[in-house]
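A short write-up of the structure that comes next.
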2 protein chains.
Amino acid sequence: MKRTGGSAKNVDVAEPPSSTEQRLMEAAGALFASKGYSAVGIREIAREAGLTIGSLYHYASSKEDLFLKLMRRNYARVTARAREAAATGSTPAERLANLVRAHVLAEVSDSEVWRLNRSELEVISPEARAELVALRDEFEQIWRRVIEDGVADGSFAPEDPVLARFSIIQMCNGVALWYRPDGRLTLDEISDVISRQALALLRAG
Amino acid sequence: MKRTGGSAKNVDVAEPPSSTEQRLMEAAGALFASKGYSAVGIREIAREAGLTIGSLYHYASSKEDLFLKLMRRNYARVTARAREAAATGSTPAERLANLVRAHVLAEVSDSEVWRLNRSELEVISPEARAELVALRDEFEQIWRRVIEDGVADGSFAPEDPVLARFSIIQMCNGVALWYRPDGRLTLDEISDVISRQALALLRAG
DNA sequence: GTCTATAACACGATAGAC
DNA sequence: GTCTATCGTGTTATAGAC
């Protein structure tokens, strides 16, 4: 949006794939995810994005604001994918398996969202924290509804649906901790195994 | 160890329960766990422990050294508890359930160990990182052996034993993220549920 | 929209008195 | 073993030229 594009030529390059803001977000995401919010300085982010600090502050009013913009963008993406996955499939078991697969795959591309959900929230302002917690809750409700549907129609029988949801999401998030592209299993294989683990847990745990 | 104790009186107070070093470690552990390694300054740690920065450096040669000492101490504790739990019980299923219960309980008291296992390792020196990774691996081997025993005697049939181990440990670690003492379930109830989830996962996932 | 320069302050660490 | 004082550097953020 915005994108005034001062120059006359409105050629069909259809939005440059790497605008400055895009590069900034990607640099910030990669750095935050690998070292954590507090360990990353704005100088480092700016350098990685090919900007100076002064220019960085044109896109975000503070380091926290930059973090928040990044997290909003990534939550929007993973939540959209989750909604789509949860709507695909005729049975709760199929829908949950799709959800798990989508989430494991999203993990690797948008791992910032989950890696930064621990200590980082203790560091930022209460207002920012509240917003991020709300986004996380919105995401988790998608899972809650699928599990509830499965309980209602008898295909799931978890001892405690809430704890089952926590454990399953936690299992998925864990993949980002050890996954390496050159590992023993492909990401597709991993997401398949995890989805069956989740179903096993919902049927008996 | 060391503990020269320059003063003459070797009275039987049997080591004060809250020595300065103890207080320092507790303060550092609580702060590191809640905000992350990078977000905590040595000033804050010193203040919380009731010391000045100068005194803090009498107990550790650097911030990283302090972190390392803390993590060694906590890993020793959780690993010892895990070993004990894994040795208690006649069947692999019982031993694994004990392991899960012990780990979930340890989570809350020594949560630093697990909370600091992500981005923090990217921030510290390679030598320190290698040592902590080795301690984590040692801990995970305890789980690996129990799972292998269960596979060998046919009581477990996980699709992928390694992924099952990762997921189960991840499930346990997740408890520390949301557990509150005034919550719906007690820690004992939670650890029981998680242990059954783990068994469900090992039998069919 | 990007830059240079810098303000204002916190950081980890050290020296040396007691 | 604890303190005060301080060094050098890094931090986030801002001002203002272009």
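Residue numbers start from 1 in every chain, and the chains themselves are labelled A, B, ... in the order their sequence lines are given, proteins ahead of strands.
- The pair A/R83-A/E138 counts as a salt bridge, with a side-chain nitrogen and a carboxylate oxygen less than 4.0 angstrom apart.
- Between the side chain of A/R95 and the backbone N or O of A/G89 there is no donor-acceptor pair closer than 3.5 Å.
- Between B/Y75 and B/F139, the distance from one ring center to the other does not fall under 6.0 angstrom.
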What does the B/S/- profile of nucleotides 3-18 of chain C look like, 5' to 3', with a 4.0 Å heavy-atom cutoff to protein? BB------BBBB----
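- The distance between atom CG of A/L56 and atom P of D/dA15, rounded to the nearest whole Å, is 16 Å.
- We find that CZ of A/F67 is positioned 16 Å from C1' of D/dT12, with the value rounded to whole Å.
- Between the CD atom in A/E21 and the CG atom in A/L51 there is a gap of 11.0 Å [rounded to 0.5 Å].
- Relative orientation of the B/F166 and A/W178 rings is tilted, given thresholds of 30° and 60° on the angle between their planes.
- We find that CD1 of A/I45 is positioned 11 Å from C1' of D/dT12, with the value rounded to whole Å.
- OP1 and OP2 of C/dT2 both lie 4.0 Å or more from every side-chain N or O belonging to A/H58.
- A close approach under 4.0 Å does not occur between any side-chain nitrogen or oxygen of B/T20 and OP1 or OP2 of D/dG1.
- Here A/E44 pairs with A/K35 under the salt bridge (charged side-chain N to carboxylate O under 4.0 Å, His left out) rule; sequence neighbours left out.
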